[in-house]
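Proteins come first, then strands; the chains are lettered A, B, ... in the order of their sequence lines, and each starts at number 1. As the structure is a computational prediction, the values presented were derived from the model and not from experiment.
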Protein chains: 2
Amino acid sequence: MAGVSATTVSKLINRQKSFSQAVEARIRAAIETLDYRQNPAARSMATGQTRVVGLAVQDLRNPHFTGVIQGASQVAEAHGFGLMVVDFKEKELNAQNLLSTLALRVDGIIASSRLPEVALAQLQASRKPAVLFGQTEPGRIDAQPLASVRIRGYQAAYLLGKHLAESGRRRVTYLSYPKSRWDQERLHGLREAMPEAKISVIELEAQTMEAGESIAASAIYGADGCDAIVCYNDMIAIGLLHQACVLGVEVPGQIAIAGFDNVPTTRFMTPPLTTVDMCSQEQGEKAMELLLHMIKTGEAAATELQLEPRLIVRASTGRK
Amino acid sequence: MAGVSATTVSKLINRQKSFSQAVEARIRAAIETLDYRQNPAARSMATGQTRVVGLAVQDLRNPHFTGVIQGASQVAEAHGFGLMVVDFKEKELNAQNLLSTLALRVDGIIASSRLPEVALAQLQASRKPAVLFGQTEPGRIDAQPLASVRIRGYQAAYLLGKHLAESGRRRVTYLSYPKSRWDQERLHGLREAMPEAKISVIELEAQTMEAGESIAASAIYGADGCDAIVCYNDMIAIGLLHQACVLGVEVPGQIAIAGFDNVPTTRFMTPPLTTVDMCSQEQGEKAMELLLHMIKTGEAAATELQLEPRLIVRASTGRK
DNA sequence: GTGAAAGCGCTAACAG
DNA sequence: CTGTTAGCGCTTTCAC
């Protein structure tokens, strides 16, 4: 076009070698005037790399996942990578199909470690670099030679349990979401932190504000003398807290309420909701950093990064 | 591989012609055993299509945009299209860079119509099919020969204003977010719906819960006798409502509070927040349907679709 | 109904 | 430091 061969331009753009001042200037000028841009598809075909990463979450509407996406997106952007997001809505079938088509389009995948087993297996089969994010699952570490950014659900629940015990709560109801493999870990942490408390469990079908709302009456009045309700996540807790207010139940006077994730709105509820920060955004950031590192170096290290949950005490679990 | 030429396989996969039973069976069998998948990059290079669409939003953390993404994602998925999401965080520079790189990777772009002017211009220059979503801007229709899914901000504010007037509110403060080009339209609707009310305006730097929280005291006590506060969006309203409770202000007894967007959490606030549903998810769905139609037919029609805002009356604007 | 040949726009290996 | 040659995996004329 303006002096040199395509190869030279390619090398310049990919900063592979150094060039004579004259040539470099001419090329840059030409690029400028022609407003030339690489064709990513062609580049991909030649290199086998797409400079795009995939991110799979359970539920786009849950602010916890939005936080993860936000974190991941930021880091990807800083490295010039694109981000493809898929929401498989807790459906096993979705997860499989979406993941397998996604894998073809990207250089690597970040996915919730709560992915269905089959989808997890498929991820490994895809041979793409992959990083899982989410709660630690002690029993399964050996089974998963995938890199991951973890946060201890047990620890999170333990912190919360200790706090509740210290505030004098003795009869706790745990609103469980058994579809999640993280659920039991949380219950476990709670139990160990509150050996003297009676802990009963109610199982929920969904992890939504609506689910928390509709279970409220039976959760509050069901187990007699219940003085604290811990929810699988903040979405449930928000719904529950709201309905408790509607029912005229005093929070925290009569009953304490808490959740997990530290979703932004929890701070703005009345009363503000005690929760455990699960580092949503940081999970996304770290996972993306790890993944990009794997992509660039080509090493498939099954690194495991640990984040620490932080208890956020707010008014919803104040003294009785 | 197993009997035929690459051409034939290609034609079969893309359902271009019909084939003899025998051949079709053999090919399908081979695809099955080899677990063959098309290489999207190669396909893209040959066809010039990526089967991916881009979606650009202001702020991933705002549930309104999450709703749009959700809607768009669903439709894209149903049509076998991937979705690349970019969050330009209200930064003009971001918007430009991100959009121009995005444009190369996708077959079309959906973007908030609140995009900075320069970015908007760039979108048009990219010559990719594009659909804007968001509030109608009457003055600019001619200037934008882009397809769009619109919702009348004026109408939304008018509905809300009428409701407030009917509930006897006479001294209204509007928490404005002047960075948004939609802001004035809302104020305008409010003014026309409440000709007998005194409307004062406070300008905010951010459209976040924190912004609503920190302006609360001056908004509530500043204009004397203020009996209603309308916020640019629900995020601001949530922060404001929370802080009003902290300050011991009665809502709606002393002051009414309302926002726009019908973000899911508004229903679960105490008191539940009156808002105007701006059809977040539907905006995403319609925009994606429109865009995919444009991509498939190749026509660049500057269609404009209108959605109707719906007033959602809740307790936060009950009678004094 | 099926195949052969050419080419999409780039990068990689090897010369010069 | 720069250019030549080849080929990434698919689709697309155009013959057969």
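For A:Glu24 and A:Arg28, the salt-bridge test passes: some basic side-chain N is under 4.0 Å from an acidic carboxylate O.
A donor-acceptor contact shorter than 3.5 Å is absent between the side chain of A:Asp107 and the backbone of A:Val53. Formation of a donor-acceptor pair under 3.5 Å by the B:Asp261 side chain with backbone atoms of B:Asn233 is not found in this model. With hydrogens and angles disregarded, a donor-acceptor distance shorter than 3.5 Å links the side chain of A:Ser112 to the backbone of A:Arg114.
Going from atom CD1 of A:Ile27 over to atom P of D:dC1 covers 13 Å, rounded to whole Å. Straight-line distance from the CD atom of B:Gln49 to the C1' atom of D:dT11: 12 Å, rounded to whole Å. Spacing between atom NZ of B:Lys11 and atom P of D:dT13 amounts to 10 Å, rounded to whole angstrom units.
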Test salt bridge (Lys or Arg N to Asp or Glu O under 4.0 Å) on A:Glu185 and A:Arg152; report intermediate values, then the result. CA-CA 9 Å; A:Glu185 190 76 1; A:Arg152 291 173 60 201; over 6 Å; no
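Here the options are A:Met235, A:Gln58, A:Gln283, the test is side chain to side chain contact (heavy atoms under 4.5 Å, CB included), and the partner is A:His64; only A:Gln283 passes.
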Got a list of protein N/O to nucleotides 8-10 of chain C N/O distances below 3.5 Å?
from	atom 1	to	atom 2	distance (Å)
C:dC10	OP1	A:Tyr36	OH	2.6
C:dC10	OP1	A:Asn39	N	3.1

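For A:Thr7, no side-chain nitrogen or oxygen approaches OP1 or OP2 of D:dT2 to under 4.0 Å.
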